[in-house]
Amino acid sequence: MPELSVIVHGPNTQDHLTGLLDSLCSPTALAPSDTSPSPDVEIIVAAVGDWARETAERHTPDVQVLPLPEGTSDAAARVAGADLAAGRWLHFVRAKDGLPPGGPRTVAEHLARLPGTVDVLLLDHVRSTWRSSGLPSPDGPLLVHAGRADLALDDCARLLRLTPLLGNRVLRAAFWRTHRTRLTTLGTPAATPFDEPYAARAVLLLADRVACLPRVAHEDRQLRPAALPPVTPEQRHALVEHYEALLGLAGDHRPAVHDVLYEIMVGDCLRTFARGGMPDPVAREFFRRASLAAVRHRPEGHQRPAGLEGVRRSLLEEGAYTRYRALRAAHRTRRAAGSAARTGGRRLGTLLGDHHYRRALRRPVDPELAVFSAYWNRGVACNPAAIAAKLAELAPWIHPVWVVTARNAALLPPGTDHVVPGTRRYGEVLATAKYLVNNVNFPDSVVKRPDAVHLQTHHGTPLKRMGVDQMPFPAAARGLDFQALLERVDKWDYSLSGNSHTTRMWQRAYPSRHVSLDYGYPRNDVYYTAGADDVRAIRERLGIAPGRRALLYAPTHRDYEADWVPHLDLAALADRLGEDTVLLVRGHYFYDGGAGTASPLTSLRRGGRSARIVDVSSYDPVEELCLAADLLVTDYSSIMFDYANLDRPLVIHADDWDVYRQTRGVYFDLTAEAPGPVARSQEELTGILTTDAWRDASAAKARAVFRRRFCEYDDGRAAERVVRRVFLGQDEESLPPVLPLEERTPAPDPEEASS
């Protein structure tokens with residue numbers, strides 16, 4: 001029988017389960033120390049949802065995986081995991097939380113020395129948020145004061161003030177089985193955010209004796225509030241019910257315990273009320289219930305604290321809701337005035353400071369106006385362009401306006417209505433448009449109006465770390481203001497995704513309440529709608545003669561390189577590949593269309609089109625280049641995920657993979673999960689391209705696995721799904737279903753198109 005069962009439970013929220021299991025399953029995590037016996041530790045993952053199950057299964061046989069359906073409550077997951085456990089002690093750890101290195105080993109060794117009378121072991125913990133980690137908890141002094149000897153709660157009632165987490169307490173399995181029903185059935189119809197705090201305090205009230213280990217053995221990861229589901233009125237009211245249930249467990253014959261628990265209840269209710277966020281009817285009912293509980297359970301002879309806190313408690317006991325709200329409003333006004341004086345209005349953005357923009361915000365939202373932008377106002381491109389085209393077909397009454405820079409306005413298709421940032425009309429359309437569509441973010445100063453709809457389409461499938469996941473990688477973040485980033489993210493109503501990997505990474509990188517549209521990327525529709533005539537016409541525009549192999553080389557940007565540094569000797573590669581191969585070279589758009597004045601491709605521009613090397617850095621749209629190519633050579637660019645839809649050969653040139661991975665951060669090992677052959681040098685790449693290795697059976701097999709994972713939702717109808725859902729308001733059931741991968745027919749490759 002193992003000494004300790006670590007029961008990890010819940011969904012893989014923002015992919016935190018991955019880090020937790022990596023820590024638990026590391027070679028040193030569970031090994032005993034040199035001077036101690038070797039207590040066994042087992043790991044059980046009560047995995048809620050497919051993502052949690054898939055993540056846990058990657059760690060087998062180190063863990064036992066118990067798959068649970070999406071939506072299973074934490075309480076139900078804990079029960080299911082405990083039923084599978086064989087350990088003498090149970091440690092419940094939420095999937096979003098963490099355990100320090102060696103934590104389970106330390107806890108198990110201590111448990112082995114506890115007397116059989118102890119039911120609960122209390123631990124210290126640290127707190128982490130999306131922007132900080134390892135913050136000390138307030139519990140350390142309480143645990144130290146209680147000492148390491150086992151004791152009854154009545155002798156140290158202050159232990160009820162420990163942070164109410166199940167992760168900072170370990171339960172004897174026999175104790176759990178005896179009280180399981182009382183710890184998981186709270187008398188409310190649905191799970192609430194207060195279930196775990198209730199259970200954490202209830203185990204103390206039910207235990208005969210407890211012991212303390214003042215060592216950090218748990219990490220409480222507090223997710224960004226916007227990433228959590230909204231709290232319903234019933235869940236708000238359940239807080240009072242939970243405290244009354246706890247007071248019932250305490251009973252009247254334990255005065256010290258009752259007094260401490262009463263103080264905790266009143267303080268928690270007042271804090272919850274003060275945080276706001278409740279509509280007036282909900283707040284009024286919450287206050288009424290909290291008032292009744294405060295009067296009903298007030299200990300005899302109880303003295304209120306002095307000062308403002310005492311006034312608050314007096315008003316609560318009187319049920320004086322209106323006077324309490326007035327007191328809070330006055331206090332907020334004083335604080336706001338002080339804050340405004342300190343900031344001096346420095347946070348006014350360029351738009352908010354614009355008179356015309358502020359006046360336009362007072363006008364009604366125009367339900368027939370949509371604003372589009374792509375790549376920081378570069379022009380009509382990417383997912384926004386595909387959506388706008390489909391919008392013109394399905395909802396022609398909605399008028400599109402594109403935001404473009406003055407420099408790029410002349411490059412727009414004829415007749416494109418547009419605005420230039422900084423102009424009067426620019427502010428007016430941003431203030432009044434019903435729909436705002438972008439593949440990056442609109443400026444910080446854009447106000448999110450309640451009846452406007454913001455659609456974030458993104459512009460790639462993430463291999464590299466994005467959003468808040470860039471924090472540990474300063475070369476990638478480059479001083480990015482993450483708080484401002486998340487304020488922009490909070491304006492999104494919808495986030496578009498091409499596959500479940502992307503959906504999950506966006507949950508990590510951009511934690512907020514937006515709805516994920518798992519519809520595919522509209523810019524990739526053309527890979528299923530283009531025909532042989534389209535492929536031939538594109539190749540003719542590019543000057544590619546029939547029968548010649550077109551190799552598209554599209555490298556990405558490196559955060560650790562100041563300018564574009566080619567990682568291939570293009571002239572040498574062209575010589576080795578011979579006259580029958582054309583290199584289409586597309587530099588990253590960060591470098592002024594791929595080649596600034598100092599770019600190695602400048603000579604190609606001066607000389608015009610070369611017979612074997614063609615600079616296509618300024619050619620738009622990039623989808624046409626993909627349609628013209630027989631194969632793609634790239635490094636870490638997201639173009640690989642889009643190109644895979646064509647089911648044509650892909651080769652990865654990863655000469656600096658280790659540096660890229662360490663400086664930028666990545667979500668998976670591309671060299672192990674590549675869509676085709678991987679070359680670590682130009683010589684290896686040349687060897688692949690001068691043999692059949694680029695298109696042999698092994699390459700096809702790797703590509704098939706890659707396509708199944710990353711071309712999940714792209715089937716040629718993504719734009720239609722977006723327009724019908726976002727602009728026409730149709731429900732999910734009425735949208736075109738995603739066609740299974742094996743039933744899709746990509747555009748013909750150049751050889752097929754020429755036959």
Side-chain angles (χ1 to χ4, degrees), residues 2-10 13 16-43 78 87 89-114 118-151 156 158-172 196-197 199-201 203-204 207 210-223 471-472:
E3 190 67 40
L4 175 65
S5 296
V6 178
I7 300 170
V8 179
H9 61 90
T13 307
H16 289 304
L17 176 60
T18 300
L20 171 59
L21 292 180
D22 286 345
S23 173
L24 272 172
C25 298
S26 66
T28 60
L30 305 179
S33 65
D34 294 338
T35 58
S36 302
S38 178
D40 290 333
V41 178
E42 69 170 356
I43 304 167
R78 287 195 292 268
W89 292 82
L90 309 177
H91 188 190
F92 296 106
V93 180
R94 294 172 299 187
K96 71 178 183 66
D97 287 344
L99 293 173
R105 178 196 66 209
T106 301
V107 171
E109 291 174 348
H110 189 81
L111 291 170
R113 297 192 294 268
L114 287 178
V118 173
D119 292 322
V120 180
L121 174 66
L122 301 171
L123 313 168
D124 200 359
H125 70 282
V126 293
R127 297 173 295 118
S128 296
T129 69
W130 63 270
R131 54 182 173 183
S132 60
S133 61
L135 302 174
S137 80
D139 297 347
L142 280 171
L143 294 168
V144 171
H145 183 269
R148 290 181 178 247
D150 61 295
L151 70 164
C156 193
R158 286 182 298 176
L159 289 174
L160 282 167
R161 294 190 178 277
L162 292 172
T163 306
L165 304 168
L166 283 174
N168 64 8
R169 49 208 77 190
V170 185
L171 315 182
R172 189 179 292 278
E196 184 180 5
R201 290 193 171 105
V203 299
L204 296 182
V210 301
C212 299
L213 177 61
R215 293 274 300 274
V216 171
H218 183 258
E219 179 188 10
D220 174 31
R221 186 172 285 113
Q222 300 170 5
L223 299 182
M471 281 195 286

Q: From the options Val107, Leu90, Val41, Val170, select the one residue that forms a side chain to side chain contact (heavy atoms under 4.5 Å, CB included) with Val6.
A: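 Only one option passes, and that is Val41.
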Q: Could you give me the CA-CA distance, side-chain angles and deciding distance for Leu114 and His110, then say whether side chain to side chain contact (heavy atoms under 4.5 Å, CB included) is met?
A: CA-CA 7 Å; Leu114 287 178; His110 189 81; 3.9 Å; yes
Atom pair [atom1] ([X]) and [atom2] ([Y]), whose distance is rounded to the nearest 0.5 Å:
X      : Y      : atom1 : atom2 : result
Asp22  : Thr18  : CG    : OG1   : 6.5 Å
His9   : Ile7   : NE2   : CD1   : 8.0 Å
Trp89  : Leu121 : CH2   : CG    : 6.5 Å
Leu142 : Leu122 : CG    : CG    : 10.0 Å
Asn168 : Ser137 : CG    : OG    : 7.5 Å
Leu165 : Asp220 : CG    : CG    : 4.5 Å

Whether the side chain of [X] engages the backbone of [Y] through a donor-acceptor N/O pair (distance < 3.5 Å, no angle test) should be reported.
X      : Y      : value
Lys96  : Leu223 : no
Ser23  : Gly19  : no
Asp150 : Ala211 : no
Glu196 : Leu166 : yes
Arg221 : Arg127 : no

Q: Answer whether the closest heavy-atom distance between the side chains of Leu143 and Leu162 falls below 4.5 Å.
A: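 Yes - at least one pair of side-chain heavy atoms lies under 4.5 Å apart.
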**Q.** Leu24 side chain reached by Val8 side chain, heavy atoms, under 4.5 Å
**A.**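 A side-chain contact under 4.5 Å exists here.
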Q: Evaluate the criterion side chain to side chain contact (heavy atoms under 4.5 Å, CB included) for residue pair Val126 and Leu135; output intermediate values, then yes/no.
A: CA-CA 5 Å; Val126 293; Leu135 302 174; over 6 Å; no
Q: Could you walk me through whether Val216 and Leu123 pass side chain to side chain contact (heavy atoms under 4.5 Å, CB included), step by step?
A: CA-CA 7 Å; Val216 171; Leu123 313 168; over 6 Å; no
Identify the heavy atoms of [X] and [Y] that sit nearest to each other, and give their distance.
X      : Y      : answer
Phe92  : Arg78  : CE2-O, 3.6 Å
Gly10  : Ala95  : O-CB, 3.9 Å
Leu159 : Leu204 : O-CD1, 3.7 Å
Asp124 : Gly140 : OD2-CA, 3.7 Å
Asp40  : Pro2   : CB-CA, 3.7 Å
Ala146 : Cys212 : CB-SG, 3.7 Å

Q. Residues in salt bridge (Lys or Arg N to Asp or Glu O under 4.0 Å) with Asp97, at least two apart?
A. Arg94
(Q) Can you confirm whether the side chains of Glu219 and Ser128 place a donor and an acceptor under 3.5 Å from each other? (A)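 Indeed, the side chains of Glu219 and Ser128 share at least one donor-acceptor pair under 3.5 Å.
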Q: Would you kindly say whether Arg169 and His91 are connected by a side-chain donor-acceptor distance under 3.5 Å?
A: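 The answer is no; no qualifying pair exists.
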(Q) Under the criterion side-chain hydrogen bond (donor to acceptor under 3.5 Å, both in side chains), I'd like the reasoning laid out for Glu42 against Ser5: C-alpha separation, chi angles, the key distance, then a yes or no. (A) CA-CA 5 Å; Glu42 69 170 356; Ser5 296; 2.4 Å; yes
Q. Taking it one step at a time, do Leu99 and His218 satisfy side chain to side chain contact (heavy atoms under 4.5 Å, CB included)?
A. CA-CA 5 Å; Leu99 293 173; His218 183 258; 4.1 Å; yes
**Q.** Partners passing side-chain hydrogen bond (donor to acceptor under 3.5 Å, both in side chains) against Arg161 (at least two apart in sequence or in another chain)
**A.** none
